[in-house]
Each structure stands twice: as structure tokens, then as C-alpha cells.
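Predicted model only: the values in this text are computed from it and were never measured. In listed order, ligands and their atoms are each counted from 1. Note that these values count all heavy atoms, side chains included, but never hydrogens, waters or copies made by symmetry.
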Amino acid sequence: MNYLYIYLFAILLIMTLYVRHYRRRHASDSAELEQAVQSGLAEPASLHPVVDPSRCMGSGSCATACPEEALGVINGKMALKNAAACIGHGACLAACPTEAITLVFGTESRGIDIPNISPDFETNVPGIYIAGELGGMGLIRKAAQQGREAMAAIRKKLGSQAADFDVVIVGCGPAGLSAGLSAIHHKLRYKLIEQEDSLGGAVYHYPRQKIAMTAPFELDLVGKVKFSEVQKEKLIEFWMDIVKKTGLKVSFRERMESIDKENNRFVVRTSRGSYTARTVLLTMGRRGTPRKLEVPGEETPKVTYRLIDPAQYCGQAVLVVGGGDSALEAAIAISQEEGTDVTLSYRSAAFSRVKQKNRLLLEQQQKAGRLRILLNSNVRSIDEKLVVIEHDGVPQRYRNDAVIVCAGGLLPTPLLQKIGIEFNTKFGTA
Ligand SMILES: Cc1cc2nc3c(=O)[nH]c(=O)nc-3n(C[C@H](O)[C@H](O)[C@H](O)COP(=O)(O)OP(=O)(O)OC[C@H]3O[C@@H](n4cnc5c(N)ncnc54)[C@H](O)[C@@H]3O)c2cc1C
Ligand code: SF4
């Protein structure tokens, strides 16, 4: 009889603990979702999971597996509580014991344009290929694999028309880097251009010391790359070392501006010149090109379009331009450095789509006199030692050592449509 009581007590205890855990999780995940909705950040950027509620049993294994902490369990079912953090690598899908999860592009209200590509990565414009995230498939491993496969396909279909290059590769993220190595491997005449001053693509822009998770992948000339978890800086260093060892040539700070077909070959116009090519491989990702201010002085080296290391601004007067989370995070981080004088300029009257956490930290730093916020303001010019900002219609001069512009990006879609590449808009479909 005693055993029965002990047994019943144990069951009751387990059930009580389970219900308490369930309620706590529901409450905290709901609060996080609510905050994302209020901040206007409830829409995923691209590929993301959706759940079939009839199959989901609320085990939470998807949420545990998600390295970006994008998932939660609300009302006993999987929920994308932090949609902006989802990068679509599908760890949740693999972890789901009931196969209730599907990965889809876009949502009912926000379509995502995915280019039409054949199985060998060729677009509807014969001779123009797309690999990596631009084609819809994110992840370091998949981008690298596609870059390699696309180059193998290009080699097989290469024509014999006269041109400067067999292939021009646009973009040096994981896909472009891998494609460049394959071009050397296949003895192709290639030109690899990158608009930024470093390789790495999206990885270069990860937050400092972010751990990237990746399954092993193969690179031509290098062999199997066996990282599973690797710090962003280490990965970039590893790729730079490959460039050095293999002699891969990357033309940095060169942006592709247009592609035209002339006499059976392509003319690729860039910010530095123009080249003729038999084929073009676009490995441009989906981040686009940083939006510029288009003001006098913007071309000076003190103007950048991302924050890499706040510590480098120690003791400096820094202007951050923009009103999104990246602008706020940059201004906050720099204002926490010793001796900085930070100004945050934003052209609208209020910050709208930003995380509550950033809003609070910003207010805190402003109250502490660590930064000034200029709403309704526009940068008019940038000089060696100062900037002119028009604030509420009045131009004012501020001491300045560095400018960081976080004004979003120009998406690659219009540029590609001009080239003739066709897209499919996906509204929450695979
Ligand atoms: C915050 C974050 C975290 C992530 N974490 C992971 C992770 O842990 N594991 C993982 O596997 N994946 C992760 N990803 C996804 C992964 O980084 C991307 O899927 C991958 O980098 C895509 O590679 P890509 O080469 O196709 O494109 P990108 O990496 O975007 O590279 C494209 C390159 O093309 C250049 N370019 C664009 N337009 C032009 C132009 N007109 N002219 C010249 N150059 C141009 C760009 O400057 C860029 O360097 C993460 C993504 C983000 C945003
Ligand atoms: S796709 Fe990746 S980032 Fe998005 S929810 Fe699933 S595991 Fe998390």
C-alpha cells in the first residue's frame, strides 16, 4: 500500500513540475512574441519554419535545437517568438520528432522574391548563373557547396566566344569564394569581384565573436572543411589564409552595376571598369548594397557602413546615422567606450521598428549624457574633422572623427530584374 502512495506522489510531483514548467515557458515565450510584435519585428527575413499544429505535440525540442533562440512553445505548440533572429538553417526541422515543421519562404503578408534557377544553377538568361543565398538557399555549407557545383556546371557549358574572362563571379561570401577556388581548379579564366573591403559576405557582418554553426563542406583545392562551431573571426581568418595559399584573386571594393548581353557574350560594368565574359555567376547573397547618404565627403575613409569593433572608437567623436536596430546597437556600443562623443542622427521623428531592449539602453545612455540623439535630422556634408547635420531645419556643425551609416541596404532584386532574370514571389511556401 505504501508503495502505491509513493508511486502516486511521484506521478503527482512530476505532473506539478511539468505544469509549472509549461506555464512559465508559455508566459515567457508569449511575452517575447508580444515584444517582437510591438517592435514591428515579427516577420522573418526569408526561410523560416512553420508548424502543422495537428502534428506538433509541444515537446519543445525544436526550440532547444535552435541556436538563434528564435523558437518557443506557446499554447503547447511551436511558435516563432523571435522571427527576426531566424536565419533558416533548419536545425528545428531536423530536431522535430513528429515531422511537424516545414521551412518556407516569406509569409502571407510579405512575399520573398526567389529567382528561377535550373538544377545546374542557370537562370532564365542563358549564361547567367546564381548560387548561394541569392538563390534562396542560406547557410555557409550550402552556399559553398552550390558555388562549387555551379562552377562545375559552367565549365561543362562554356562556349568559345571571345571574351576577357570565362566567368565573372560577383560577390565573395562563402558561395563566391568556393566558386573562385573551383574556377582555379577547372583552369578557367575568372574575375572575382567583391563590393566590400573583405571577403566573407554575411559572415563578415555577424556580430563580433558570434559562433557560426556549420556542418562540414568541401572546397576545391582545399578539401574537406570540418568546422562544426567556429567563431566568426576565426572563419574569416581561415578563408583569408586559403586566399593566400591558393593565390585566389579577389578584386575588393568593386561593385557590379550592370550586365548586358552584347555579341553573344556579357559585358559586366562595375564601379571600376567593364569586362567581357562568356558567363556570369552571381553569388551576391540577399543583403544587397549598403544604402549611401549621397552627401559631399562620403567617399572619405572615415565613413563606414557597419560597426566592427566599438573599442576602435575609444576617445573619438562618432556619428551614427540610421534608426534601425543596427544603428541603435552601434551607437549604444560606442557610447559605452571610454571617452567617446556619440551622435545618433535619424531622419524621422521617432524610432519605430526597433527592439525594446535597444530603446531602453539608448534612453539610458542618453540620460547618462553618453550620447545625443538628433531626430528629424539629415547629414548634409562630411569633412575631415567635422560633420554638418541639419536638425529641425537648422544646419549645425559637430566635431567628428568617424561616421557609421546604418541606413539599410538596396536589395539586389531590381538590378537582377533589369538583367532579365525572372523571379517567383513566395508567400509562405517552400
Ligand atoms: C546573423 C546571421 C547569422 C548566421 N549564422 C549562420 C550560422 O551559424 N551558420 C550558417 O551556416 N549560416 C548562418 N547564417 C547564414 C549564412 O551566413 C549565409 O547563408 C551565407 O553567408 C550565404 O552565403 P552567400 O555567399 O550566398 O552570400 P553572402 O554571404 O551574403 O555574400 C554575398 C557577397 O556578395 C557581395 N555583393 C553583393 N552585391 C554585390 C555587387 N553588386 N557587386 C559586388 N559584390 C556584391 C556582398 O558584399 C557579399 O560579400 C547567418 C546569417 C546571419 C545574417
Ligand atoms: S530555421 Fe534555424 S534559426 Fe530558424 S527557427 Fe529553425 S533552428 Fe532556429
Can you name the atoms of ligand 1, numbered from 1 with element, that are less than 4.0 Å from a heavy atom of [X]?
X      : answer
Glu254 : 43 (C)
Gly201 : 28 (P), 29 (O), 31 (O), 48 (C), 49 (O)
Gly132 : 26 (O)
Ala212 : 8 (O)
Gly173 : 25 (O), 29 (O), 31 (O), 33 (C)
Glu196 : 47 (O)
Val170 : 40 (C), 42 (N), 43 (C)
Thr283 : 32 (C), 33 (C), 34 (O)

Is there a heavy atom in His48 that sits closer than 4.0 Å to ligand 2?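 Distance cut 4.0 Å: His48 fails for ligand 2.
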
Has Ala65 got any heavy atom lying under 4.0 angstrom from an atom of ligand 2?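 No.
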
Report, as yes or no, whether the 6.0 Å neighbourhood of atom [atom1] on [X] holds more than 12 heavy atoms from other residues, nucleotides or ligands.
X      : atom1 : answer
Arg253 : CZ    : no
Gln356 : CD    : yes
Glu299 : CD    : yes
Lys261 : NZ    : yes
Arg370 : CZ    : yes
Glu262 : CD    : yes
Gln209 : CD    : yes
Lys210 : NZ    : yes

Glu257 near ligand 1 by a heavy-atom separation under 4.0 Å: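 No, Glu257 has no heavy atoms under 4.0 Å from ligand 1.
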
Looking at ligand 1, does His205 have a heavy atom less than 4.0 Å from it?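 Contact absent.
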
Please report which non-hydrogen protein atom sits nearest to [atom], along with the residue it belongs to and the distance in Å to one decimal place.
atom                    : result
atom 26 (O) of ligand 1 : Glu133 N, 2.8 Å
atom 37 (C) of ligand 1 : Met284 O, 3.3 Å
atom 3 (C) of ligand 1  : Lys210 CE, 3.2 Å
atom 11 (O) of ligand 1 : Ile140 N, 2.9 Å
atom 3 (S) of ligand 2  : Ile87 N, 3.5 Å
atom 6 (Fe) of ligand 2 : Cys92 SG, 2.3 Å
atom 1 (S) of ligand 2  : Gly90 N, 3.2 Å
atom 9 (N) of ligand 1  : Met213 O, 2.7 Å
atom 5 (S) of ligand 2  : Leu71 CG, 3.5 Å
atom 17 (O) of ligand 1 : Tyr206 OH, 2.5 Å
atom 5 (N) of ligand 1  : Ile87 CD1, 3.1 Å

Residue part near ligand 2, for Cys66, under 4.0 Å between non-hydrogen atoms: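 Contact part for Cys66 vs ligand 2: both backbone and side chain.
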
[X] N/O under 3.5 Å from ligand 1 N/O:
X      : result
Arg255 : yes
Met256 : yes
Leu415 : no
Glu194 : yes
Leu139 : yes

Say you draw a straight line from CZ of Arg25 to CD1 of Ile74; how long is it, rounded to the nearest 0.5 Å?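 The distance works out to 10.0 Å.
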
Spatial distance of atom CD (Gln366) from atom CD1 (Ile332) [nearest 0.5 Å]: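 Those atoms lie 11.0 Å apart.
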
Verify whether the ring centers belonging to Phe217 and Phe227 lie closer than 6.0 Å.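 Not close enough - the centres of the two rings lie 6.0 Å or further apart.
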
Can Asp341 and Arg372 be said to form a salt bridge (charged side-chain N to carboxylate O under 4.0 Å, His left out), step by step? CA-CA 8 Å; Asp341 170 9; Arg372 77 178 65 78; 3.3 Å; yes

Shortest heavy-atom approach to [atom] - which of [options]:
atom                    : options                        : result
atom 29 (O) of ligand 1 : Ala202, Pro412, Ala91, Gly171  : Ala202
atom 44 (N) of ligand 1 : Lys232, Gln195, Arg253, Gln146 : Gln195
atom 21 (O) of ligand 1 : Gly285, Pro174, Ala175, Ser251 : Pro174

Is Cys86 close enough to atom 4 (Fe) of ligand 2 that one of its N, O or S atoms comes in under 2.8 Å?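 Cys86 does place an N, O or S atom closer than 2.8 Å to atom 4 (Fe) of ligand 2.
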
Closest approach of Ile389 to Thr343 (non-hydrogen atoms, all atoms of both residues):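 So the two residues come closest at CD1-CG2, 4.3 Å.
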
Please name the pair of heavy atoms, one in Asp325 and one in Asn358, separated by the smallest distance, quoted to 0.1 Å.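 That closest heavy-atom pairing would be OD1-ND2, 2.7 Å.
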
For His205, which of Arg306, Lys232, Glu196 qualifies under side-chain hydrogen bond (donor to acceptor under 3.5 Å, both in side chains)?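 Testing each of Arg306, Lys232, Glu196 against His205, the sole residue satisfying side-chain hydrogen bond (donor to acceptor under 3.5 Å, both in side chains) is Glu196.
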
Can you tell me how the ring of Tyr346 sits relative to the ring of Phe351, calling it parallel under 30°, perpendicular over 60° and tilted otherwise?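 Parallel.
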
Verify the distance criterion only: is there a donor paired with an acceptor across the side chains of Glu69 and Asn82 at less than 3.5 Å?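 Judged by distance alone, the side chains do not pair up.
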
Taking 2.8 Å as the cut-off, does an N/O/S atom of Cys62 lie below it from atom 6 (Fe) of ligand 2?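 It does not; every qualifying atom lies at 2.8 Å or beyond.
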
Within the side chain of Asp166, is there an N or O that forms a donor-acceptor pair under 3.5 Å with the backbone of Arg189?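 Yes, because the side chain of Asp166 sits within donor-acceptor range (under 3.5 Å) of the backbone of Arg189.
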
Salt bridge (charged side-chain N to carboxylate O under 4.0 Å, His left out) between Lys81 and Glu32, worked out: CA-CA 6 Å; Lys81 64 177 180 181; Glu32 215 173 312; 3.4 Å; yes

